[in-house]
Structure formats: structure tokens, C-alpha cells
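The block underneath contains the structure these notes are about, expressed in C-alpha cells.
Only heavy atoms go into these numbers, but all of them, side chains included; no hydrogens, no water, no symmetry mates. Order of the sequence lines sets the chain letters (A, B, ...), proteins ahead of strands, with each chain counted from 1. Computed from a predicted model, the values in this text were never measured in an experiment.
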2 protein chains.
Amino acid sequence: MAILDAAIRLFCRDGIGATGIDAVVREAGVARMTIYNHFGSKDGLVVAALERESAAWRTWFFARLAALQLPPREKLLAVFDILTEWFERDDYFGCALMNAVLEVRNNSEALMAVTMAHKKPVLEQLRAIAVAAGVRDPFRFTEQFDLIMNGAIVNALFTGSTNPAQDAKSVVAALIDTQIQA
Amino acid sequence: MAILDAAIRLFCRDGIGATGIDAVVREAGVARMTIYNHFGSKDGLVVAALERESAAWRTWFFARLAALQLPPREKLLAVFDILTEWFERDDYFGCALMNAVLEVRNNSEALMAVTMAHKKPVLEQLRAIAVAAGVRDPFRFTEQFDLIMNGAIVNALFTGSTNPAQDAKSVVAALIDTQIQA
DNA sequence: ATATAGATAGACCGATCGTTCTAATTTGAA
DNA sequence: TTCAAATTAGAACGATCGGTCTATCTATAT
């Protein structure tokens, strides 16, 4: 859907609040009424665009992850090489879901629902790998892994470099090595 | 200054873009012209408010840090107990500077300057403690520490709990233990 | 007591916001 | 070919945006 592609592009680049419907109309080359017929309102468009972005990102991420033929510990570390690929894209503007939730300060239950639905399968996959790696407390490890990923995501946006991915990688390496059963 | 206090309160709670001048006028109980006479424009008000918030936060943080009578390694870990205090405040809405920069996607050099001026002394202080703790690569360690702090800050906002602070604390413990010279 | 500077409330400006409406045009299936 | 459904461009709506102007009031200092 060209409308959603245009919308997510602008939402990511300029922010949701700063992107007017007219900007989406221009970017998508479509009539304003077409947007309202499809999505009902700007909020509807926002949710639909973020859902699409979420699905596209997960498809890409899981494919990258599945392509790795590595033992569990190395697979967890390789996640940050995948993030490096993400960070060096010229249209990298951080995580669309995270930016959206931060922009509205958790005040949209619809956005929170989309974000939770986004994070859940990702973290479950990572937790399964952590279990296979023999991590002591997989649930807590996954929360820490998520925290480190998020730190890398915002610092990569902040600094405009991919260094945070490799910084995060060695942090996780240190974390794993204290969590593997002897 | 009551204007700046009101402004930062609204900017933190609702976001900068979502906060109109009229809202600040209402919150501060002041005339609109008074704001423009003092700060010239909304952007001027934003910068002034963020500078004030930055200074207030650093004063608080450094005082908390100085009050700790601990060896360097434990002092680095105690940072996350200080963060816990921050996260449990009912007016916690994440880091004002980080939220602002994320909201404008690095497109305001004025905001970036304020944010850099904010982070620099904090990271330098932490680096000095890391040096005293005998960390192998203090510069890289500080970048990783910053990344972990930022992850905790966003996850605390996200989950509305203080758990990310303690999660981050044990991550840093693991990181330090692999970085201390034998 | 008077003069000066600052703050006040509120009308007002043009621009833009999200949204609706309409009338003409294009599309696709029967 | 025909007819219905979808899309189009653009005017228009009320609300709100950042910002300006003015006229009145309230201090403070000499």
C-alpha cells in the first residue's frame, strides 16, 4: 500500500505530530479523501502505518536471524551485527514504534498495543535462544537484552554512527558469560 | 523562574510539539507577552526550559553521587540506585533532553548543543570513577555505560516500573568484572 | 508624588491542523 | 457497453498554532 509506505516514511523522518495529512497526501500522490476512506482518521492511519512497519521489520529481522548458522551464544551476539546493518541504512531514524510511544508518552493505548504486539514475538525468540545458550535466568536476561538493544537504538540515532551496536555486543558478551551455568 | 518550571513540566508530560504557548500561559499563570519578552519565541523558551531542566537534574544527580561513600566499583553500580529514585518519581517522563532530541530527530542544532552540554560533564564524571575502578578501556566503558543508562531510562518510561534500573545495574556489574585488570 | 519599566488580558493576524463535502473523473466487473 | 464503486482535486469548516499589538494596570525608585 503506497499510502502506508509514504506515511511511515514521513512519520519516521519527521515524527508523527509534525507530519500533517497534507504531507502524506503529497508524498503518496493520492487524494485526501482516499486516506480517510481507508483509515478513517489520522490516528487510524498512524496505527495502520506502524503495524505495517512493525510487520516489515520483524519479517526482515527474523529472516536475518534465521540465516545465521551459529551456536546460541554466538547467535545472540550476532543480533548486534544485524542491528549494525539497520543502523547504517540512510533511512534509519530509530525504532518507529519506540519513537511513537515516546512521542505520546504512553498516552495512546492503541499505540501501546501495537508496540507490545511488536516486542513480544521478538523477545520470545531471543529468549528461546537464551534458553538454548544455557542462560541462568532467561526471563531476566531477555529484559536486560531488550534494555541493551533499546540503548543501542537510541544511541545510534543520537550519534549517527553504528558504534553503539558493537558496544552493545560486547556488553551482552560480558552479560552472557556471567549467566552461563558453570 | 515560574515560566520555565511550568514549561518544562508540560514539555515533559505532553511533549514539546504537543504543548502550545497558550498551555504554558495557563500553567504558569502569566501573560503571553511576558513569555515572548523573556524568550523571544517558542524555540527560545524550549531551549531555556531544557537548559534549566538539564542544570537541575545534574545538580541533583551529582549531589546524590557525591553523598555516596563507596569504592569506585560500587559507586558505579550505585548510579542505578540513584536512577531508581528518579524513575519512581510520579513526574518521571524520561529524560527531557533525550525526549526532545528524539522528537525533532536531531534536526535542531540548538537542542543537540544543549544535550551535548548536558551529557558531557555527566559522562566525564562517570569516566573518572571508571578510571579509579581500574577499568581497562575507560572511554569505551563510558560509552557502554551511557548506552545502558539510556536503555534503562526508556524502558522505565515504557514499563512504568523501576525494574530496568536494577536490570541495568547487574548488566554493568557483569561488564565491569570483565573489564577490571587481573 | 511622579515617572518609568514591566506585566497584564485579550483581541487579532496569517498559517496550518484534522476533517468533511462535493462534483467530476477514472476504474473494473458484468 | 454499461453501471457501480473508487479515486480525484479542491473548496471549505472550525479549531488551534506561533506570534504581534494595544491599552490598562502595577510595581519600584527617585
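- In this structure, CZ in A:F158 is found 5.5 Å from CE in B:M116, a value given to the nearest 0.5 Å.
- Protein atom CD1 of A:I35 is 12 Å distant from nucleotide atom P of D:dT7, rounded to whole Å.
- The aromatic ring centres of A:F93 and A:F11 sit 6.0 Å or more apart.
- Contact annotation: the side chain of B:I153 approaches that of B:F87 to within less than 4.5 Å [non-hydrogen atoms, C-beta and beyond].
- As a whole-Å value, the separation of A:Y36 OH from C:dT22 P is 17 Å.
- For B:H38, a side-chain nitrogen or oxygen approaches OP1 or OP2 of C:dA7 to under 4.0 Å.
- Rounded to whole Å, atom P of D:dA11 lies 10 Å from atom CZ of A:R32.
- For the OP1/OP2 pair of D:dG18 and a distance below 4.0 Å, the side-chain nitrogens and oxygens of B:S41 include no atom meeting the criterion.
- Using a 30° and 60° split on the angle between ring planes, A:F141 and A:F145 fall in the tilted class, from 30° to 60°.
- Between the CG atom of A:D14 and the P atom of C:dC17 there is a distance of 11 Å, rounded to whole Å.
- In this structure, the CD1 atom of B:I21 is 13 Å from the C1' atom of D:dT16, given to the nearest Å.
- What separates CG of B:L45 from P of D:dG18 is a distance of 10 Å, to the nearest Å.
- Between B:T34 and the phosphate of C:dG6, there is no side-chain N or O to OP1/OP2 separation shorter than 4.0 Å.
- Residue A:M33 contributes atom CE, which lies 16 Å from atom C1' of C:dT26 at whole-angstrom precision.
- Look at NZ on A:K42: it is 8 Å from P on C:dT19, rounded to the nearest Å.
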